[in-house]
Amino acid sequence: MPTTDATTAAATAATAVRTGRLEAPGATLHYEVRGRGPLLVMMPGGSADAGIYDTLAAELADRWTVVAFDPRGYSRSTLHGPTGEQLPGAHSEDIARLIELLSPDGVPAAVFGSSSSAIVALDLLSRRPGLVGRVVAHEPPLVELLPDPAAGRAVFAAVRESFLRDGVEAAMAAMAAGLAPEGGAGGGRHEVATGADEESRAGTGPVEGGGATVPPEESGGGSEAAAKGKAGAGAGAEVDAVAEAEAATVRRMMANLPVFLEHVLCSFSGHAPDLDALRAAAPKLVVGVGRDSRALLPAVAAERLAQRVGSATAEFPGGHVGLTEDPVAFGARLREVLLG
């Protein structure tokens with residue numbers, strides 16, 4: 001029977017992060033790998049990067065080789081030229097290259113995307129269905145599938161114009177106003193932050209109004225040890241280092257907001273998915289909807305997508321940003337959906 005030390009060492013090895021760089025046309029991509037097993041690609045949405053999945057990836061690394069990455073033009077994934085309008089097709093080809101690199105035996109990968117990255121996941125499924133065995137697309141804000149697409153396009157166009165005219169804070173206020181249920185204020189900036197949705201992961205402060213606190217699994221260990229008299233100055237310094245690392249992650253993702261708001265938001269939300277291709281691949285697709293966000297634009301579009309292509313749907317804890325509201329509960333539900 002394995003010793004406690006051996007078990008701890010194995011768990012640490014499973015969640016240890018291995019980083020890499022992938023050359024793609026026009027960009028160099030940063031990616032991070034944890035765990036062993038079938039490949040699971042976790043795609044960050046909004047202005048988030050690989051750091052948004054630190055908790056989720058660690059939770060799932062016991063069953064999968066979990067890959068997270070910085071989308072091209074964000075954080076550590078650098079463009080080879082000026083930033084231009086970003087298109088889902090270019091981003092889905094990046095994911096195809098990652099899968100081909102990290103699953104060289106050709107075993108299909110599982111893919112998870114949320115918000116804008118769910119649109120990329122759908123594009124990948126429609127273009128390269130042989131690369132994937134399961135795609136979970138959580139609340140893709142596809143305005144072309146809404147009852148009134150023009151109104152949806154106008155919401156995101158107004159957000160972009162607000163950013164160009166008045167900056168990030170004004171754009172986030174426009175996002176909240178535009179996506180609140182029935183045009184009211186009930187949605188709140190946390191739930192409707194399609195622009196930088198998952199990126200609010202640390203308790204050092206909100207990211208464009210949608211902050212989420214650090215889960216107990218990340219922050220509680222040091223405090224509990226201190227309460228038991230085991231911390232001392234060394235443990236306090238360790239807690240401070242963790243907090244600073246989390247704050248740096250938030251700052252890094254916040255710095256991506258200008259790229260998202262100017263070059264991603266409208267082109268991604270206005271993308272017209274290949275419904276015929278998705279219909280043919282529907283057995284591989286699960287469309288996710290947040291339990292608390294069904295009245296908001298992304299969830300409405302998601303449910304209409306599932307109806308149009310005949311795919312399964314799955315309810316997830318929380319709202320549009322459920323994966324930051326409670327990463328452990330969200331990860332547990334994602335595990336069920338991936339294995340279902």
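Listed by chain and number, the residues in a salt bridge (charged side-chain N to carboxylate O under 4.0 Å, His left out) with Glu336 are Arg333 (sequence neighbours excluded). By the side chain to side chain contact (heavy atoms under 4.5 Å, CB included) test, Ala50 is found to be paired with Glu32, Ala68, Asp70, Arg76, residues two or more places apart in sequence or in another chain being considered. Partners of Thr28 according to the side chain to side chain donor-acceptor pair (under 3.5 Å) rule, which considers only residues two or more places apart in sequence or in another chain, are Glu23, His80. Legend: residues meeting salt bridge (charged side-chain N to carboxylate O under 4.0 Å, His left out) with Arg21, ordered by chain and number and at least two apart, are absent. For Arg335, the side chain to side chain donor-acceptor pair (under 3.5 Å) partners at least two apart in sequence or on another chain are Asp62. For Arg304, there are no salt bridge (charged side-chain N to carboxylate O under 4.0 Å, His left out) partners at least two apart in sequence or on another chain. With sequence neighbours left out, Arg252 forms a salt bridge (charged side-chain N to carboxylate O under 4.0 Å, His left out) with Asp49. With sequence neighbours left out, Leu102 forms a side chain to side chain contact (heavy atoms under 4.5 Å, CB included) with Tyr31, Val33, Leu39, Val67, Leu98. When the side chain to side chain contact (heavy atoms under 4.5 Å, CB included) test is applied to Ala58, the partners found at least two apart in sequence or on another chain are Thr15. Under the side chain to side chain donor-acceptor pair (under 3.5 Å) criterion, Arg308 pairs with no residue, sequence neighbours left out.
Val111 has its side chain out of reach of Leu131: every pair of non-hydrogen atoms, C-beta onward, lies at least 4.5 Å apart. Residues Val289 and Glu315 have side chains not in contact (no heavy-atom distance under 4.5 Å, counting atoms from C-beta outward). Two residues are said to be in side-chain contact when any heavy atoms from C-beta on lie closer than 4.5 Å; Leu285 and Leu122 meet this criterion. No side-chain heavy atom of Leu146 sits less than 4.5 Å from a side-chain heavy atom of Arg153. No side-chain heavy atom of Asp123 sits less than 4.5 Å from a side-chain heavy atom of Asp274. The shortest side-chain heavy-atom distance between Met172 and Leu261 falls under the 4.5 Å cut-off.
Side-chain N or O atoms of Ser267 include one that pairs as donor or acceptor with a backbone N or O of Gln86 at under 3.5 Å. Within the 3.5 Å criterion, the main-chain N or O of Ala255 finds no donor-acceptor partner in the side chain of Tyr74. With hydrogens and angles disregarded, a donor-acceptor distance shorter than 3.5 Å links the side chain of Ser77 to the backbone of His30. With Arg36 contributing its side chain and Thr65 its backbone, the two residues share no donor-acceptor pair below 3.5 Å. Between the side chain of Arg63 and the backbone N or O of Pro38, no donor-acceptor pair lies under 3.5 Å. Side-chain atoms of Ser47 come within 3.5 Å of backbone N or O of Met253 as a donor-acceptor pair.
At a threshold of 4.0 Å, the pair Arg251-Glu244 counts as salt-bridged, since one of the basic side-chain nitrogens sits closer than that to a carboxylate oxygen.
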Worksheet item: Which is it for Phe156 and Phe268 under the side chain to side chain contact (heavy atoms under 4.5 Å, CB included) test, yes or no, and what are the steps along the way?
Response: CA-CA 10 Å; Phe156 292 121; Phe268 276 50; over 6 Å; no

Practice prompt. Decide yes or no on side chain to side chain contact (heavy atoms under 4.5 Å, CB included) for Phe330 and Thr324, but give the supporting numbers first.
Written response: CA-CA 8 Å; Phe330 195 97; Thr324 61; over 6 Å; no

Worksheet item: Can you check salt bridge (charged side-chain N to carboxylate O under 4.0 Å, His left out) on Arg127 and Glu93, steps first, answer last?
Response: CA-CA 9 Å; Arg127 291 171 180 258; Glu93 281 302 309; 5.1 Å; no

Worksheet item: Could you walk me through whether Phe112 and Leu323 pass the side chain to side chain contact (heavy atoms under 4.5 Å, CB included) check?
Response: CA-CA 11 Å; Phe112 171 78; Leu323 69 90; 4.1 Å; yes

Discussion item. Side chain to side chain contact (heavy atoms under 4.5 Å, CB included), that's the test. Do Ile95 and Phe69 meet it? Break it down for me.
Written reply: CA-CA 9 Å; Ile95 309 310; Phe69 64 96; 3.1 Å; yes

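Of all heavy-atom pairs spanning Val155 and Gly178, the tightest one is CG2-O, 3.9 Å. In this structure, Val120 and Pro88 approach most closely via the heavy-atom pair CG1-O, 4.2 Å. Smallest separation of non-hydrogen atoms from Ala57 and Val66: CB-CG1, 3.7 Å. Residues Val259 and Gly73 come closest through the heavy atom pair CG2-O, 4.2 Å. For the residue pair Gly319 and Glu325, the shortest heavy atom distance occurs at N-OE1, 3.0 Å. Across Gly51 and Thr249, no two heavy atoms sit closer than the pair CA-CG2, 4.1 Å.
With rounding to the nearest 0.5 Å, the separation of CZ in Arg34 from OG1 in Thr19 is 10.5 Å. Atom CD of Glu169 and atom CG of Leu257 lie 12.0 Å apart (nearest 0.5 Å). With values rounded to the nearest 0.5 angstrom, Leu124 atom CG is found 14.0 Å from Ile119 atom CD1. Remark: Glu59 CD to Leu334 CG distance equals 11.0 Å, nearest 0.5 Å. Distance CD/Glu85 to SG/Cys266: 7.5 Å, rounded to 0.5 Å.
Listed by first and then second residue, the side chain to side chain donor-acceptor pair (under 3.5 Å) pairs that reach into residues 279-291 are Asp276-Arg279, sequence neighbours excluded. Identified under the side chain to side chain donor-acceptor pair (under 3.5 Å) test for residues 94-103, with sequence neighbours left out: Arg72-Asp94, Glu100-Arg128, Ser103-Asp105.
Paired with Glu139 under the rule side chain to side chain donor-acceptor pair (under 3.5 Å), one option of Ser114, Ser115, Ser293 passes, and it is Ser293.
Linking ILVMFWY residues whenever their side-chain heavy atoms come closer than 4.5 Å, directly or via other members, leaves Val107 and Leu40 in distinct clusters. The cluster map of Ile, Leu, Val, Met, Phe, Trp and Tyr, joined by side-chain heavy atoms under 4.5 Å apart, puts Leu142 and Leu87 in different clusters. Leu79 is not connected to Phe260 by any chain of hydrophobic side-chain contacts under 4.5 Å among Ile, Leu, Val, Met, Phe, Trp and Tyr, and they are in different clusters.
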